[in-house]
Amino acid sequence: MMVIRRFFLVFALALAVARCADQPTAAKAPAAPQALRWAATPQFTARIDARARRSGTMALTPPLSLDQYVVSFWAVRGASRSVQINYRSSIDSLIHPFLVLTTTDPQFVPGVGELAVGDSVLVTVIVDTTKLGVSLEPHGLQFGAPAQMKIWYGGAGGDLNGDGVVDSTDARIEAQLLGLWYRATPNDPWTHLSANQSLDEKSFSYALPHFSEYEIAAALLEWAVGL
């Protein structure tokens with residue numbers, strides 16, 4: 001009888017271990033990418049396609065706060081509309097490009113519905129003046145033919161890891177780890193986009209199927225392990 005009881009005890013323990021092994025292990029959340037930061041406080045200017053204005057006014061919106069620069073324009077379904085945002089900083093006296101956004105086919109507006117050809121939607125570009133990123137609104141605006149966005153990262157001054165020194169580590173980060181990322185809401189994780197990078201222009205280009213928040217950043221986990 002004692003042998004039988006010991007057998008069942010061993011069997012029960014083995015079964016319990018097996019059940020524990022079947023339970024999924026909680027996955028560690030991936031580290032957020034390390035966003036590039038402006039090397040010096042930028043001063044922005046915007047050039048908007050004249051056709052994207054209404055009543056002959058520049059559709060410029062005053063900053064919502066000191067850490068944002070905001071520009072708005074009317075996007076029309078079936079017509080090309082664009083905005084270019086440039087910047088100047090204390091690093092030099094030159095004007096540099098930061099963002100070019102072109103829309104031709106805004107198709108669906110959240111909370112409004114589908115647009116007919118010739119209908120328009122007010123597009124707002126919110127530039128972060130601390131890190132190299134933008135928020136395009138209204139979030140979730142969908143396009144038939146994708147909108148085209150080109151964004152430059154020369155404003156980081158070459159210091160891509162924020163250590164105050166421009167060296168070979170920054171070059172490796174630029175060539176191997178730097179990318180364009182997006183998230184739909186502030187509560188969502190950042191997702192890497194397969195954008196086209198130009199090392200010569202220090203820029204990324206991407207065809208946007210919809211509007212979200214975007215930033216230029218380095219894959220932090222790979223950075224820590226690979227470098």
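Note that these values count all heavy atoms, side chains included, but never hydrogens, waters or copies made by symmetry.
- Remark: Glu114 CD is packed, more than 12 non-hydrogen atoms of other residues, nucleotides or ligands lying under 6.0 Å away.
- Within the 4.5 Å cutoff, the side chain of Leu199 has heavy atoms near those of the Gln197 side chain.
- The side-chain heavy atoms of Gln43 and Ser89, taken from C-beta on, include no pair separated by under 4.5 Å.
- The two residues Pro209 and Pro146 come nearest to each other via the heavy atoms N-CB, 4.4 Å.
- With side-chain heavy atoms closer than 4.5 Å counting as contact, directly or through intermediates, the hydrophobic cluster containing Val100 also holds Trp152.
- With a 4.5 Å cut-off on side-chain heavy atoms, Trp190 and Glu213 count as touching.
- The distance from atom CD of Gln34 to atom CG of Leu160, rounded to the nearest 0.5 Å, is 10.5 Å.
- Atom OG1 of Thr169 sits about 7.0 Å away from atom CG of Asp163, to the nearest 0.5 Å.
- When the side-chain contact (heavy atoms from CB on, under 4.5 Å) test is applied to Ile95, the partners found at least two apart in sequence or on another chain are Asn86, Arg88.
- Counting only heavy atoms from C-beta outward, the side chains of Leu208 and Gln148 never approach each other to under 4.5 Å.
- Legend: residues meeting ring pair (Phe, Tyr, Trp, His ring centres under 6.0 Å) with Tyr206, ordered by chain and number and at least two apart, are absent.
- In this structure, Ala171 has no side-chain contact (heavy atoms from CB on, under 4.5 Å) partners at least two apart in sequence or on a different chain.
- Formation of a donor-acceptor pair under 3.5 Å by the Asn196 side chain with backbone atoms of Phe204 is not found in this model.
- A donor atom on one side chain and an acceptor atom on the other are not found under 3.5 Å apart for Ser80 and Thr104.
- In this structure the side chain of Leu99 reaches within 4.5 angstrom of the side chain of Val125, judged on heavy atoms.
- Listed here is the closest heavy atom pair of Pro106 and Leu115: O-CD1, 3.5 Å.
- Among pairs with a residue in residues 116-137, none fulfils ring-ring contact (aromatic ring centres under 6.0 Å, His included), at least two apart in sequence or across chains.
- Take Asp105 and apply the salt bridge (charged side-chain N to carboxylate O under 4.0 Å, His left out) test, not counting sequence neighbours, and it matches Arg77.
- For residues 137-146, there are no salt bridge (charged side-chain N to carboxylate O under 4.0 Å, His left out) pairs, not counting sequence neighbours.
- A search for ring pair (Phe, Tyr, Trp, His ring centres under 6.0 Å) contacts involving Phe211 returns Phe143, not counting sequence neighbours.
- Between Leu36 atom CG and Leu178 atom CG the span is 5.0 Å, to the nearest 0.5 Å.
- When every heavy atom of Ser82 is checked against every heavy atom of Thr102, the shortest pair comes out as CB-OG1, 3.5 Å.
- Once rounded to the nearest 0.5 Å, the distance linking CD of Glu201 with OH of Tyr153 reads 10.0 Å.
- To the nearest 0.5 Å, the span separating CH2 on Trp74 from CG on Leu122 amounts to 4.5 Å.
- With hydrogens and angles disregarded, no donor-acceptor distance shorter than 3.5 Å links the side chain of Tyr182 to the backbone of Leu180.
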*Under the side-chain contact (heavy atoms from CB on, under 4.5 Å) criterion, do Thr130 and Arg37 qualify, and how do the steps go?*
CA-CA 6 Å; Thr130 301; Arg37 304 182 76 83; 2.6 Å; yes
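- Counting heavy atoms from C-beta on, the side chains of Pro138 and Val121 come closer than 4.5 Å.
- Checked against the 6.0 Å centroid threshold, Phe44 and Trp38 count as a close aromatic pair.
- With sequence neighbours left out, the ring pair (Phe, Tyr, Trp, His ring centres under 6.0 Å) criterion links Phe108 to no other residue.
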*Please walk me through it: do Val76 and Asp119 pass side-chain contact (heavy atoms from CB on, under 4.5 Å)?*
CA-CA 6 Å; Val76 180; Asp119 284 350; over 6 Å; no
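- Evaluation of the side-chain contact (heavy atoms from CB on, under 4.5 Å) rule for Asp188 yields Arg183, Ala184, Thr185 as partners, not counting sequence neighbours.
- Inter-residue side-chain proximity for Val134 and Asp128 is flagged as unmet; no heavy-atom pair is nearer than 4.5 Å.
- The hydrophobic cluster around Val117 extends to none of the other residues, as no ILVMFWY side-chain heavy atom falls under 4.5 Å of it.
- Residues that satisfy the side-chain contact (heavy atoms from CB on, under 4.5 Å) test with Ala35, not counting sequence neighbours, are Lys131, Glu215, Ala217.
- A distance of 9.0 Å separates CG in Leu136 from CD1 in Ile126, rounded to the nearest 0.5 Å.
- Cluster membership check: Ile216 does not share its hydrophobic cluster with Val166, using side-chain heavy-atom separations under 4.5 Å among Ile, Leu, Val, Met, Phe, Trp and Tyr.
- The closest side-chain heavy-atom distance from Phe73 to Thr124 is not below 4.5 Å.
- Between Gly155 and Leu132, the shortest heavy-atom distance links the atoms N-CD2, 4.5 Å.
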